[in-house]
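Here the structure comes first, spelled out in structure tokens, and everything after it is commentary.
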Amino acid sequence: MRQKLVAGNWKMHGNLIENQVLLGNLRDSLAGMQNMASAICVPFPYLAQAQSVLAGSVVAWGAQNLSEHAKGAYTGEVSASMLQDFGCRYVIVGHSERRALFGETDEVVAAKFMAAIAAGLIPILCVGETLSEREADAAEAVIARQLDAVLKIAGMAGIARSVLAYEPVWAIGTGKTASPEQAQAVHAFIRQKLAAQDADIANRLVIQYGGSVKAANAAELFSQPDIDGGLIGGASLVADEFIAICKAAQS
Ligand code: PGA
């Protein structure tokens with residue numbers, strides 16, 4: 001039985017004062033949560049704050065990006081081992097905003113995935129199609145291509161140490177959620193594709209859904225057989241919403 005994971009993606013939001021209140025609230029409110037896992041992925045400057053507030057609690061923390069390089073002359077970049085220094089458990093890799101706005105190719109995403117694994121972090125690998133790709137009936141082909149790039153260098157052994165997040169680009173921050181059936185169909189596709197290589201690893205893999213998840217739709221999404229929690233953007237900035245989403249993931 002897979003345990004659901006609800007991870008917040010704060011994106012480029014927050015400040016020291018607001019974070020202190022929000023993180024403290026989540027730490028206290030999620031303390032009794034059982035049979036699910038939770039995490040918050042904060043901007044780099046707030047990793048130390050997340051570590052100091054959340055250490056020893058049930059809420060893990062992580063980052064939203066990392067360098068594919070281990071160290072060196074890469075001005076402005078942050079390595080996997082630096083994230084480890086701040087106690088990160090997770091790092092989001094290949095978010096559609098990184099792919100679309102910062103030119104991350106499938107190959108760069110795969111290299112970042114490997115860098116995370118090598119440092120003992122759990123990458124949350126995001127895959128998903130744009131609206132035009134969905135309308136062209138290319139969603140599965142796009143997702144297969146994104147997965148294949150990672151499989152090529154990480155293999156199923158790498159996938160086994162990761163979390164996947166299906167995030168249809170057209171549902172991110174738009175208020176348009178994929179219907180539970182639409183999301184389930186893609187999650188099943190992903191699991192079957194990976195099961196063809198290793199059924200046991202595919203069966204144990206946590207595959208989150210992301211894209212306008214909120215308290216009002218979380219339970220229905222999470223009740224689908226292949227949806228193992230969510231990657232939460234906007235609603236992770238509102239304590240009551242995020243807590244309610246975590247409750248919906250308890251099973
Ligand atoms: P959203 O973002 O929940 O605000 O749609 C999800 C994400 O981008 O991870």
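This structure is a prediction, so every number in the text was calculated from the model and none was measured. One-based numbering, in listed order, for ligands and for the atoms of each.
A salt bridge does not link Glu241 to Lys214: none of the charged nitrogens lies less than 4.0 Å from a carboxylate oxygen. Look at Glu104 and Arg99 and you find no salt bridge, because none of the NZ, NE, NH1 or NH2 atoms lies under 4.0 Å from a carboxylate O. Here Lys152 does not pair with Glu107 in a salt bridge; the nearest charged N to carboxylate O distance is not below 4.0 Å. Between Asp228 and Arg191 there is a salt bridge, since a side-chain N of the basic residue sits under 4.0 Å from a carboxylate O of the acidic one.
Each of the following atoms of ligand 1 lies closer than 4.0 Å to a heavy atom of Ala171: 5 (O). Atoms of ligand 1 lying under 4.0 Å from at least one heavy atom of His95, given by number and element, are 7 (C), 8 (O), 9 (O). Heavy-atom proximity to Gly211, at under 4.0 Å, picks out these atoms of ligand 1: 5 (O). When each atom of ligand 1 is checked for a heavy atom of Leu231 under 4.0 Å away, the hits are 6 (C), 9 (O).
Both the backbone and the side chain of Ile172 come within 4.0 Å of ligand 1, counting heavy atoms alone. Residue-level proximity to ligand 1 for Ala235 is absent, since no heavy atom of it falls below 4.0 angstrom.
Residue contacts with ligand 1 leave out Lys214, since none of its heavy atoms falls under 4.0 Å from the ligand. Residue contacts with ligand 1 leave out Ser236, since none of its heavy atoms falls under 4.0 Å from the ligand.
When the heavy atoms of Gln64, Glu97, Glu167 are ranked by distance to atom 9 (O) of ligand 1, first place goes to Glu167. Between atom 5 (O) of ligand 1 and the options Gly233, Gly173, Gly210, the minimum heavy-atom separation is to Gly173.
Asp226 and Gln184 are linked by a side-chain donor-acceptor pair at a separation below 3.5 angstrom, with hydrogens and angles left out of the test. With 3.5 Å as the limit, one finds no donor-acceptor pair spanning the side chains of Gln224 and His187.
At most 12 non-hydrogen atoms from other residues, nucleotides or ligands lie less than 6.0 angstrom from CD of Glu220.
The nearest protein atom to atom 4 (O) of ligand 1, hydrogens excluded, is given as Gly234 N, 2.8 Å; this is a heavy-atom distance.
Any N or O atom pair closer than 3.5 Å counts here, and Lys11 shares at least one such pair with ligand 1.
Ile92 and Leu121 fall into different hydrophobic clusters, where Ile, Leu, Val, Met, Phe, Trp and Tyr side chains are chained together by heavy-atom contacts under 4.5 Å.
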